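The shown structure was predicted, so the numbers you read here are calculated from the model rather than taken from an experiment. Indexing begins at 1, ligand by ligand and atom by atom, following the structure's order.
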Amino acid sequence: MKSVSEIPVRVRYAPSPTGLLNLGGARTALFNWLFAKKEGGKFILRIEDTDTERSKKEYEKNILESLRWLGIHWDEGPDIGGPFGPYRQSERLDSYEQHLKKLLSQKKAYFCFCSKEQLEAEKQAMLAQGLAAKYNGHCASLNEEEVEIRKKRGEASVIRFRVPQVEVEFHDVIRGKIKFDASLIGDVVIARDVRSPLYSFSVVIDDAAMKISHVIRGEDLLPTTPSQILLQKTFGFEEPRYAHLPLILGQDRKKLSKRYSDTSLFEYRTRGYLP
Ligand code: GLU
């Protein structure tokens with residue numbers, strides 16, 4: 001791995017516009033921005049709106065306005081563009097499609113037709129045996145004809161990444177050495193179909209395409225890191241450095257959430273707080 005001084009620092013704040021910007025999000029943005037400033041790097045704002053049901057334009061607007069109010073300005077972003085745009089994931093579907101098709105054609109990903117009920121029953125059975133719940137690979141060896149027939153019949157499907165059964169080890173800038181046994185993860189869902197990727201897939205493609213050097217984000221996303229690293233390896237992408245920040249908790253020791261606490265940044269503004 002190259003030393004920090006050798007790589008141009010490019011960090012991103014990548015919110016999903018599924019709620020108003022809260023303190024936790026603002027802090028993640030602040031850490032990224034400060035780090036970029038300190039290192040003379042670039043701070044990128046990327047809107048992760050692949051969840052079409054929960055993403056809303058009004059939330060995106062609120063996030064941008066809240067960051068501006070705080071005085072956090074980005075060098076590249078959905079409103080100002082930049083050399084690696086577009087910076088809104090819903091405008092990058094061609095790239096995800098191309099990468100998903102590549103994985104499917106190399107059999108590193110496959111279509112899965114298991115129903116929610118079936119998956120839930122399997123999960124409960126595994127938990128009852130004291131095992132880590134993971135997908136049992138039921139659809140992992142369906143052949144192409146079978147897949148075609150079932151799709152033509154209109155059966156609902158998702159795309160799973162064939163997670164290599166290896167140990168994943170990485171150095172987290174904050175937490176030090178982290179090791180995961182990928183055989184405990186199972187084949188994760190990465191998309192609903194080739195034009196409908198999930199966050200954990202699109203994030204990998206975009207971090208590589210936007211040449212992100214450091215991924216600084218909340219530690220609630222730590223469990224998603226091993227499969228993201230395995231996807232990077234599969235595509236031959238360079239691995240960014242990771243820094244998972246501890247979360248800000250409420251007085252009840254629970255994570256601040258968009259739904260349960262009144263911590264939207266603009267509420268503070270309304271109450272007269274200064275940025
Ligand atoms: N879009 C993700 C979220 O809002 C964050 C992605 C990331 O920082 O890797 O939770």
Can you list the ligand 1 atoms lying under 4.0 Å from a non-hydrogen atom of [X]?
X    : value
R12  : 7 (C), 8 (O), 9 (O)
V203 : 9 (O)
E48  : 1 (N), 2 (C), 5 (C), 6 (C)

Q228 and Q232: side chain donor to acceptor below 3.5 Å: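 No pair is found: no donor N or O on one side chain lies under 3.5 Å from an acceptor on the other.
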Sequence neighbours excluded - salt bridge (charged side-chain N to carboxylate O under 4.0 Å, His left out) pairs with any residue from residues 178-191: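 Non-adjacent pairs meeting salt bridge (charged side-chain N to carboxylate O under 4.0 Å, His left out): E167-K179.
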Proximity to ligand 1 by part of Y13, non-hydrogen separation under 4.0 Å: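 None of Y13 does.
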Ligand 1-proximal atoms of T224, by part, heavy-atom distance under 4.0 Å: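 Neither; nothing of T224 gets under 4.0 Å from ligand 1.
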Pairs involving residues 156-198, ordered by first then second residue, that meet ring-ring contact (aromatic ring centres under 6.0 Å, His included) (sequence neighbours left out):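 Those involving residues 156-198 are F170-Y242.
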Backbone N/O of L104 and side chain of Q106: donor-acceptor pair under 3.5 Å: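 No: the side chain of Q106 does not pair with the backbone of L104.
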Contact (N/O only, under 3.5 Å) between A14 and ligand 1: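 Such a contact does occur with ligand 1.
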Distance in Å, I229 CD1 paired with F237 CZ, rounded so as to fall on 0.5 Å steps: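 Answer for the CD1-CZ pair, I229 versus F237, is 14.0 Å.
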